[in-house]
Amino acid sequence: MCGRYANTKSGEELGRYFEADEVDEVRLPPSWNIAPTQQVPIVVDRLPKDDPDGMPSRLVTAARWSLVPRWATELASPYPTFNARSETVHEKSTFTGALVRSRAILPADGYYEWHTVGDGAKGTVKTPHYIHDPVEGELAFAGLYSWWRAPVAEGQPPSPWVLTATMLTRAAHGPAASIHDRAPVMLPREVWDEWLDPTVEGDQDLVTMVVHESEQVLERLELHPVAPLKGDGPELIVPLG
DNA sequence: CCAGACGTTGTT
DNA sequence: GTCTGG
DNA sequence: CCAGACGTTGTT
DNA sequence: GTCTGG
């Protein structure tokens, strides 16, 4: 799972870290409390417009967190699409198109998971934990993106395109597994290129590969409890106590 | 074949 | 309790 | 994912 | 658009 995370880096900083060739002018204020449907930074590789055989270039841009497939008629989905299960992403019509050739990285400083104690009934306590990579200081969530625009009546001016994105999830592993059974798929540097390559047709084998590679990241994560996530600011990731 | 859905997490 | 906006 | 709202009529 | 349950 991952339904809340932090990103405080500018587009320029992300461009340097992810070895991007271009950075779109994106207004993304630092946030320690990013929620689904908000704008988030994403990293994509795209082919030159007029030369599909040319070299891809790497771009940092912004997308709405919750993937909307091209055929959807509304921006707001009646079902959640901010996560995509790695186990089934290849067979879900909402995600299949994006898996084939629209893969992305969603950068993060760290993310949150809630440790639930109790049976869900009265007395259940949920404690948020902040989870991050002390080695790299940055996480690269494996994501997918999709362009969408609202349909319009014949003869009307077209609606603007909206870039949307989601991130893959997997069974938890490593330290974070002690508090929760799902985790985002996080990419080590050595698989960024293959995951982002738009000339590689994404399939379940590719997903299986990155899920496997994500274990080295999961194994080195650190986590600590934090106060309830209200508002926004650096205080949200301060260890509780 | 068409009609209708198209999703995740967590909890039971 | 349940829905929804962020 | 959680946090916060959850409603109407009529009057100002 | 694509998948699947009937």
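To find a chain, count down the sequence lines: A is the first, B the second, and so on, and within it residues start at 1. All values below were derived from every heavy atom in this structure, side-chain atoms included, with hydrogens, water molecules and symmetry-related copies excluded.
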For the pair made of [atom1] in [X] and [atom2] in [N], what is the distance, rounded to whole Å?
X      : N     : atom1 : atom2 : result
A/Y5   : C/dG6 : OH    : C1'   : 13 Å
A/I34  : D/dA3 : CD1   : P     : 17 Å
A/W71  : B/dG7 : CH2   : P     : 7 Å
A/K230 : C/dG6 : NZ    : C1'   : 16 Å
A/Y111 : D/dC2 : OH    : C1'   : 17 Å
A/E91  : E/dT4 : CD    : P     : 7 Å
A/Y130 : D/dC2 : OH    : P     : 18 Å
A/R70  : E/dT2 : CZ    : C1'   : 14 Å

Work out how far the [atom1] atom of [N] is from that of [M], and round it to whole angstrom.
N     : M      : atom1 : result
B/dC6 : C/dG6  : C1'   : 23 Å
C/dG5 : D/dG7  : P     : 12 Å
D/dA5 : B/dT8  : P     : 30 Å
C/dT2 : D/dG10 : C1'   : 29 Å

Mind checking [X] for me? I need base, sugar-phosphate or nothing, with any heavy atom below 4.0 Å counting as a touch.
X      : answer
A/W114 : sugar-phosphate
A/D181 : sugar-phosphate
A/T96  : nothing
A/R4   : base

Hey, is [atom1] on [X] packed in by over 12 heavy atoms from elsewhere, all under 6.0 Å?
X      : atom1 : value
A/E194 : CD    : no
A/E74  : CD    : no
A/E12  : CD    : no
A/H212 : NE2   : no

[X]/[Y] aromatic ring centres below 6.0 Å:
X      : Y      : result
A/Y5   : A/F141 : yes
A/Y17  : A/W192 : yes
A/Y145 : A/W65  : no

Fill in: A/Q38 side-chain proximity, nearest of D/dC2, B/dC6, C/dG6
C/dG6
Worksheet entry | Per A/T169 side chain, nearest of listed nucleotides B/dT8, D/dC2, D/dA3 | B/dT8
Discussion item. Under a 3.5 Å distance rule, please check whether A/E136 uses its side chain to pair with a backbone N or O of A/D133 as donor and acceptor.
Written reply: no
Worksheet item: For DNA chain E, what is the dot-bracket line, given that a base pair needs Watson-Crick (N1 to N3, plus N6-O4 or O6-N4) or G-U wobble (N1-O2 and O6-N3) geometry with both distances under 3.5 Å, and | means paired with another strand?
Response: ||||||
Worksheet item: Between A/W195 and A/R103, is there a cation-pi geometry (under 6.0 Å to ring centre, at most 45° from the normal)?
Response: yes
Worksheet item: Can you check whether A/T116 has a side-chain N or O nearer than 4.0 Å to OP1 or OP2 of B/dT11?
Response: yes
Discussion item. With a 4.0 Å limit, can you tell me whether A/K92 has a side-chain N or O closer than that to the phosphate oxygens OP1/OP2 of E/dC3?
Written reply: no
Practice prompt. Taking the side chain as every heavy atom from C-beta outward, state whether A/W71 and A/T94 have any pair of such atoms under 4.5 Å apart.
Written response: yes
Worksheet item: So does A/S93 reach the base of B/dC6 with its side chain, donor to acceptor, closer than 3.5 Å?
Response: yes
Practice prompt. Give me the residues of residues 72-85 of chain A where at least one heavy atom lies under 4.0 Å from an atom of DNA chain B, by number, or none.
Written response: A/Y79, A/P80, A/N83, A/A84, A/R85
Worksheet entry | Centroid distance under 5.5 Å and plane angle under 30°, A/Y112 vs D/dC2 | no
Worksheet item: Less than 4.0 Å between a side-chain N and a carboxylate O, is that true for A/E87 and A/K92?
Response: no
